[in-house]
**Student:** 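Can you keep this structure in mind? I'll have questions shortly.
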Amino acid sequence: MKVTDRQKRVFIAVDVLLILMMVLPIVAAITLKVLTTPASDGVSITGARIFFTIPMPLQDLPITESQINSFLVLISIFGLCLYMTHGLKVKANLRRQHIAEWIVEKVETMVNESMGDYFKGYAPFITSILALSAFSSLLSLFGLYPPTSDLNIVAGWAILVFGLITYYKLKSGPLKYLKGFLEPVPFLAPMNIIGEFATPLSMSFRHYGNVLSGTVISALLASALQGLSRMVLGWLPDALASIPVFQIGIPAVLSIYFDVFSGCLQAYIFAMLTMMYVSGGFSLEDYLLRKEKREKRKAKNKKSKINDNLEVV
Amino acid sequence: MLELAVGIILGCCALGAGVAMIAGIGPGIGEGNAVAKACEAIGRQPESKGSVTSTMLMGCAVAETTGLYALVIAILLIFVAPNMLVNILLKVIG
């Protein structure tokens, strides 16, 4: 089959559209930040900016920078995924297909190694957690507010993971799950219940604390360097004194650790802990035993029903 | 009088934040131990460097959690608590 000129042109056009879909959300976020941030001289540490609030019956729902940024990241990742998988062929001739295949293979082996065969279908979920968390933290490279340094966003993911853990614990035996609270001695039950809720709490605090501490330390360093360069160049005329000598380059070293390394590491750890907790709360043997019992009961019910019918006849 | 009360609140918040960060000692020692052991393990078995490093990073991040709890408390004490406490004080005074 020969590729015509027209097909080639369409392919490139779609490519360009997908790249735009990847880049435009980030550009939009930067524009929004530039337009809404009031001009100020000093370096300040603030939380997410609240754009507007939606009145709700219980409490007003504030729409903040972190929500908008996280949705923009979602759109951007969606565009990236579409771009990576655009023009897939059996015999790969595009570089991006190799990269996409490499990512899929890596995550699948990781999931297989740490979760076991039963959880094979978890690879997409883990990949999306990894991508969302990593890209959200990396957003601070553009000078934007990283959504992961807002507790609400990370707590949402952690609650989702907590739901999954509880679901799998219940799946391998509700009675066993309830009994687990009374071990080793019944009067420790409150401690066990607190321990159960500590899982999502520690997961969200770990992720959010790491990213937030990076932001705070970077801001402190930036203000310190600003002061330093003013002190050193203060005796010069105004035009020269405002040159940011020390602010060039030095914050970048910290940024490599706090933004790139820490962000990616936290994403990896969040995904790893998700896998460990979810697969750790589930025991395949108990589940199979329960399934067998249920099927036996069903068969029994069927038999008795047939018998009833026979008697009626 | 009011100035004194507000001053006490602000000062105690700052003190509390500083005291909370003493918790940083624990994760420091723990992570140091973990890294030392990982270095030993790599020295003994250089071929297992990849898995040792990833396990160590994972363990370090988990050990860091207690320190981060302290950090969260300190940040709350510095950025959130003063406002809240002063508001409560003003409400009490009327």
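Letters go in sequence order (proteins before strands), and every chain restarts at 1.
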**Student:** Working to the nearest 0.5 angstrom, can you tell me the gap between A:Asp150 CG and A:Gln67 CD?
**Tutor:**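 Going from CG on A:Asp150 over to CD on A:Gln67, the span is 7.5 Å.
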**Student:** Aromatic ring centroids of A:Phe119 and A:Tyr168 under 6.0 Å?
**Tutor:**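 Yes - the distance between ring centres of A:Phe119 and A:Tyr168 falls below the 6.0 Å cut-off.
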**Student:** What is the ring orientation for A:Phe197 with A:Phe162, classed by angle as parallel under 30°, tilted 30 to 60°, or perpendicular over 60°?
**Tutor:** tilted
**Student:** Need one label for A:Leu212: side chain, backbone, both or neither, based on atoms under 4.5 Å from any heavy atom in chain B.
**Tutor:** side chain
**Student:** Check each atom of B:Leu57 against the heavy atoms of chain A and say whether the ones under 4.5 Å are side chain, backbone, both or neither.
**Tutor:** both
**Student:** Which answer fits A:Phe261, side chain, backbone, both or neither, if we ask what part of it has an atom under 4.5 Å from a heavy atom of chain B?
**Tutor:**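 For A:Phe261, side-chain heavy atoms alone lie under 4.5 Å from chain B.
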**Student:** Please determine if A:Lys106 and A:Glu101 form a salt bridge, counting it only when a charged side-chain N lies under 4.0 Å from a carboxylate O.
**Tutor:** no
**Student:** Identify which part of A:Met276 has an atom lying under 4.5 Å from any heavy atom of chain B, answering side chain, backbone, both or neither.
**Tutor:** side chain
